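Here's the structure we're looking at; comments come further down.
Remember, predicted model here, so these are calculated numbers, not experimental data. Below, all heavy atoms of this structure are taken into account, side chains as well, without hydrogens, waters or symmetry copies. For reference, positions follow the sequence shown, starting with 1.
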Amino acid sequence: MDRQVIQSTGFHNIKDSTGKITGFTFRVRLPYYRGVYLSQLRPGTLFVDGEKFTKDEITWVFGGEEYTNEEMAEDYKTHWCPTQTAELRVAKEGGLAQGFHDLKYGFSFESSYMPPFLESDEALDPDRESPVFMPEFGHHVNERRLLIV
């Protein structure tokens, strides 16, 4: 597993059963040592080469099970372990072209023991840096350049 949140492995286009490219996928790791339940996650907006993908265009995969943003918000049983990566699948007709791509993605999560000002909408906005920089709690917008071959 890479030290960076956006992983270097797992970045590729997705093909359906007919061979048509329907999107792309990449992996992220949880920067928090305790793990979180899916209902604690606050997915953000993805930017690839400046193109915007909303959280509703992204599905998350944990242990082979796929979840929409709405499903994760209601899932109080599935736990994301910090030793496992999550796969994010993004719908995009035709996928991404071969070559380098700049990804920018943030997500955050709630923790019941954190002070209220760290649990505010502003502090947990996954699309902006937190007023208190604590990347170990997921409050960080991550950027990485990756290659699709």
CD-CZ distance between Gln40 and Phe107, expressed to the nearest 0.5 angstrom: 12.5 Å
When clusters are formed by joining ILVMFWY residues with side-chain heavy atoms under 4.5 Å apart, either directly or through shared neighbours, do Tyr76 and Met72 land in the same one? no
Listed once per pair and sorted, the salt bridge (Lys or Arg N to Asp or Glu O under 4.0 Å) pairs that draw on residues 14-28, sequence neighbours left out: Lys20-Glu93
Atom OG in Ser8, atom CZ in Arg3: separation rounded to 0.5 Å? 14.5 Å
Is there a side-chain contact between Asp49 and Phe100 in this structure, where contact means two heavy atoms from C-beta onward sitting under 4.5 Å apart? no
Can Lys52 and Thr45 be said to form a side-chain contact (heavy atoms from CB on, under 4.5 Å), step by step? CA-CA 7 Å; Lys52 180 179 178 178; Thr45 304; 3.5 Å; yes
Following the transitive rule for hydrophobic clusters with a side-chain heavy-atom cut-off under 4.5 Å over Ile, Leu, Val, Met, Phe, Trp and Tyr, establish whether Tyr37 and Phe109 coincide in one cluster. no
Do His79 and Val36 come close enough that some side-chain heavy atom pair is under 4.5 Å? no
In terms of hydrophobic clustering (I, L, V, M, F, W, Y; side-chain heavy atoms under 4.5 Å; direct or indirect links), are Phe26 and Ile14 co-clustered? no
Under the side chain to side chain contact (heavy atoms under 4.5 Å, CB included) test, which residues partner Lys92, sequence neighbours left out? Phe24, Glu51, Phe53, Leu96
Any donor-acceptor N/O pair, Glu65 side chain to Phe62 backbone, under 3.5 Å: no
Tell me, with the steps shown, if Thr25 and Leu88 meet side-chain contact (heavy atoms from CB on, under 4.5 Å). CA-CA 5 Å; Thr25 183; Leu88 281 70; 5.6 Å; no
Residues passing the side chain to side chain donor-acceptor pair (under 3.5 Å) test with Thr78, sequence neighbours excluded, are Tyr67, Asp75
Between Asn69 and Pro43 the two heavy atoms that sit nearest each other are OD1-CG, 3.2 Å
Between His101 and Leu103, is there a side-chain heavy-atom distance shorter than 4.5 Å? yes
Which value, rounded to the nearest 0.5 Å, describes the distance between Arg29 atom CZ and Ile6 atom CD1? 11.0 Å
As an exercise, state the distance from CE of Met1 to CG of Leu30, rounded to the nearest 0.5 Å. 9.0 Å
Indicate yes or no: at least one non-hydrogen side-chain atom of Thr9 is less than 4.5 angstrom from one of Phe11. no
Residue set satisfying side chain to side chain donor-acceptor pair (under 3.5 Å) with Arg89, at least two apart, ordered chain then number -> Glu66, Glu87
Can you name the nearest heavy-atom pair linking Ala73 to Ser39, along with the distance? O-CB, 3.6 Å
Distance check, rounded to the nearest 0.5 Å: Phe47 atom CZ versus Glu143 atom CD? 10.5 Å
Run the side chain to side chain donor-acceptor pair (under 3.5 Å) test against Asp102 and tell me which residues pass, sequence neighbours left out. Arg145
How far apart are the closest heavy atoms of Ala86 and Trp60, and which atoms are they? CB-CE3, 3.8 Å
Can Val5 be reached from Val61 by stepping across I, L, V, M, F, W or Y side chains whose heavy atoms are under 4.5 Å apart? no
Partner set under salt bridge (charged side-chain N to carboxylate O under 4.0 Å, His left out) for Arg144, not counting sequence neighbours: Asp2
How long is the span from the CG atom in Asp56 to the CD atom in Glu70, to the nearest 0.5 Å? 5.0 Å
With a 3.5 Å distance limit and no angle check, can you tell me whether Glu71 reaches the backbone of Thr68 through a side-chain donor-acceptor pair? yes
